[in-house]
Amino acid sequence: MAERATLREVGPRDGIQMAKRFLETERKLEWALRLKAAGVKEIELTSFVPPKVVPQFADADQLAQGLPRLEGVVASALIPNLKGAERALAAGFTHVNYVLSISEAHSQSNVRRSTDEAIAEFERIAALKDTEQGRGMVLGVGLATAFGCTLQGYVAPERVWQVARHVAAGGADELIVADTVGYANPAQVKMLLPPIIEIAAGRRVICHFHDTRGLGLANVAAALETGIRVFDSSLAGLGGCPFAPGATGNINTEDTAYMLESMGFSTGIDIEALLNLRRDVENWLGDERYSGAIARAGLPKTFEAAE
Ligand code: COA
Ligand code: ZN
């Protein structure tokens with residue numbers, strides 16, 4: 001039996017938050033349903049941010065009405081604050097991903113709060129678990145700009161570990177270590193992650209890499225060596241943070257699935273089905289930056305999925 005690895009598809013969230021065209025709710029749902037059919041087990045479906053901040057997610061409540069059709073998939077929503085958490089729970093999500101920037105400059109740009117203020121907001125969100133409304137909530141915390149920041153530059157690993165320790169003790173169920181702007185390199189990944197895995201003490205640690213400078217899959221390989229088995233990725237390599245200058249695409253789901261399967265990690269994903277889906281997504285979205293080596297070159301004749 002092959003060891004398992006999990007891809008959390010963030011295309012319908014990270015992937016389109018900078019897209020020029022508004023994608024109709026029906027299309028977003030079709031995207032998610034076809035991901036499910038292709039074997040994707042976890043999807044970050046939308047974001048509960050004010051529509052005037054990111055108009056693409058104005059339909060988050062409507063999209064949530066499709067959740068019953070996604071049964072069997074872990075569908076989550078991004079939240080930037082307590083209000084986002086309350087909206088996500090009211091809409092029917094149990095899994096939420098709270099973004100907390102380690103870089104002060106990115107935190108101010110993204111959520112108009114210092115990192116310490118964002119930590120205080122985390123505590124208010126975690127407190128929801130003790131309420132009727134928040135019962136069963138699974139709270140992921142995204143440690144954004146953990147590897148560096150386009151606005152501020154250096155981000156101290158000690159600060160990443162300190163915040164990780166704080167949120168793990170305060171009710172985070174999962175830690176998502178995010179290279180929001182594509183600054184990470186494999187040596188840095190191997191240095192930063194082991195203490196986080198230790199701090200997480202059995203909670204899932206997920207890596208969220210962007211391929212901005214071409215090191216996305218190298219970073220995945222490095223993270224695998226540290227024991228990480230869950231990765232965020234985006235169909236066609238779409239994505240990027242509108243509040244981090246120069247940010248570009250997430251690691252590409254098709255290429256990441258290909259690498260994992262080739263290395264003997266079973267993802268359960270049908271790569272050909274993803275390639276069909278991406279052709280449609282490209283038509284729906286029009287002019288965007290699409291990446292991917294497998295979409296360009298095809299799977300090798302020798303490819304065998306891990307079983
Ligand atoms: N969903 C909907 N409306 C929200 C909201 C949410 N999650 N959070 C706040 N609002 C509303 C408030 O109710 C208020 O409405 P009003 O003007 O009608 O009273 C208004 O937005 C301003 O609220 P405030 O708390 O002052 O927020 P802000 O203007 O300081 O913005 C954030 C803070 C966090 C809401 C905003 O910066 C944000 O959405 N950032 C996330 C950006 C993002 O998506 N980044 C990419 C992913 S990492
Ligand atoms: Zn991202």
Side-chain angles (χ1 to χ4, degrees), residues 7-19 43-64 76-91 93 96-103 105-115 117-122 124-125 128 140-151 176-184 206-213 215-216 219-220 230-253 256 289 291:
L7 290 181
R8 289 198 334 161
E9 173 67 37
V10 297
R13 197 280 300 170
D14 205 331
I16 55 172
Q17 63 190 2
M18 295 206 309
I43 304 173
E44 195 176 55
L45 195 60
T46 189
S47 185
F48 285 88
V49 295
K52 62 175 185 299
V53 178
V54 187
Q56 184 66 258
F57 303 124
D59 63 350
D61 288 299
Q62 284 140 275
L63 188 55
S76 63
L78 183 137
I79 55 165
N81 57 9
L82 177 64
K83 174 147 189 184
E86 290 168 342
R87 286 182 58 208
L89 292 171
F93 282 93
V96 293
N97 304 314
Y98 175 61
V99 186
L100 207 171
S101 288
I102 308 297
S103 149
H106 182 255
S107 191
Q108 287 292 354
S109 165
N110 196 40
V111 294
R112 310 195 331 142
R113 289 199 158 99
S114 68
T115 302
E117 285 163 347
I119 291 172
E121 188 78 352
F122 157 77
R124 288 186 279 272
I125 295 167
L128 283 176
V141 176
L143 304 169
T145 59
F147 296 89
C149 170
T150 35
L151 294 164
I176 304 145
V177 186
D179 183 21
T180 312
V181 296
Y183 270 19
I206 297 157
C207 280
H208 178 108
F209 293 126
H210 280 256
D211 196 33
T212 320
R213 291 172 181 80
L215 298 188
N219 291 331
V220 172
V230 192
F231 298 93
D232 286 356
S233 65
S234 176
L235 190 76
L238 285 161
C241 175
F243 305 96
T248 63
N250 290 80
I251 55 168
N252 173 298
T253 303
T256 311
R289 190 180 358 223
S291 74

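In this chain, residues are counted from 1 in sequence order. All ligand and atom numbering here is 1-based and tracks the order in the structure.
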Indicate yes or no: does Arg124 engage Glu121 in a salt bridge with an N to O separation below 4.0 Å.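 A salt bridge is present here (some side-chain N lies under 4.0 Å from a carboxylate O).
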
For [atom], is the nearest protein heavy atom closer than 4.0 Å?
atom	answer
atom 29 (O) of ligand 1	yes
atom 46 (C) of ligand 1	yes
atom 16 (P) of ligand 1	no
atom 7 (N) of ligand 1	yes
atom 37 (O) of ligand 1	yes
atom 23 (O) of ligand 1	no

Heavy atoms only: give me the nearest [X]-[Y] pair and the separation to one decimal.
X	Y	value
Ala88	Val96	CB-CG1, 3.7 Å
Asn250	Gly239	OD1-CA, 3.5 Å
Ala58	Gln62	O-OE1, 4.2 Å

Practice prompt. Taking both backbone and side-chain atoms into account, decide whether Asp232 has an N/O/S atom under 2.8 Å from the Zn ion (ligand 2).
Written response: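 No - counting backbone and side chain alike, Asp232 has no N, O or S atom under 2.8 Å.
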
From Cys241, does some N, O or S atom reach closer than 2.8 Å to the Zn ion (ligand 2)?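 For Cys241, the answer is no, given that no N, O or S atom comes within less than 2.8 Å of the Zn ion (ligand 2).
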
Check: Is it the side chain, the backbone, both or neither of Val53 that has a heavy atom closer than 4.0 Å to ligand 1?
Finding: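 Contact part for Val53 vs ligand 1: side chain (C-beta onward).
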
- Query: Applying a 4.0 Å heavy-atom criterion (strictly less than), which segment of Val49 is in contact with ligand 1: side chain, backbone, both, or neither?
  - Reply: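 Both backbone and side chain.
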
> Is there side-chain contact between Asp232 and Asp14, with at least one heavy-atom pair below 4.5 Å?
Replying inline: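 No, every pair of side-chain atoms sits at 4.5 Å or beyond.
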
Side-chain ([X]) to main-chain ([Y]) donor-acceptor, under 3.5 angstrom:
X	Y	value
Thr253	Ser234	yes
Thr150	Pro245	yes
Thr145	Ser103	yes
Gln17	Gly240	yes
Asn252	Ser291	yes
His208	Val177	no
Asn219	Leu215	yes

Using 30° and 60° as the class limits, which term best fits the ring planes of Phe48 and Phe93: parallel, tilted or perpendicular?
->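 Because their plane-to-plane angle is over 60°, the rings of Phe48 and Phe93 count as perpendicular.
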
Per-atom contacts of ligand 1 with [X], taking only distances under 4.0 Å to non-hydrogen atoms:
X	result
Val54	44 (O)
Phe48	1 (N), 6 (C), 7 (N)
Gly84	7 (N)
Arg13	47 (C)

Which residue and atom name correspond to the protein heavy atom nearest [atom], and how close is it?
atom	answer
atom 4 (C) of ligand 1	Pro50 CG, 3.5 Å
atom 33 (C) of ligand 1	Val111 O, 3.7 Å
atom 40 (N) of ligand 1	Asn110 O, 2.8 Å

Check Asp14 and report its N/O/S atom nearest to the Zn ion (ligand 2), by atom name.
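Looking at Asp14, the N, O or S atom with the least distance to the Zn ion (ligand 2) is OD2.
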
So between Gln17, Arg112, Arg87, whose heavy atom ends up nearest atom 1 (N) of ligand 1?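 Considering heavy atoms of Gln17, Arg112, Arg87, the nearest to atom 1 (N) of ligand 1 sits in Arg87.
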
| query | Should one rank Met18, Lys83, Lys52 by closest heavy-atom distance to atom 20 (C) of ligand 1, which comes out on top? | reply |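 Result: the heavy atom closest to atom 20 (C) of ligand 1 is in Lys52.
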
Does an N or O from Asn81, backbone or side chain, lie closer than 3.5 Å to an N or O of ligand 1?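 N/O-N/O distance below 3.5 Å exists for this pair.
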
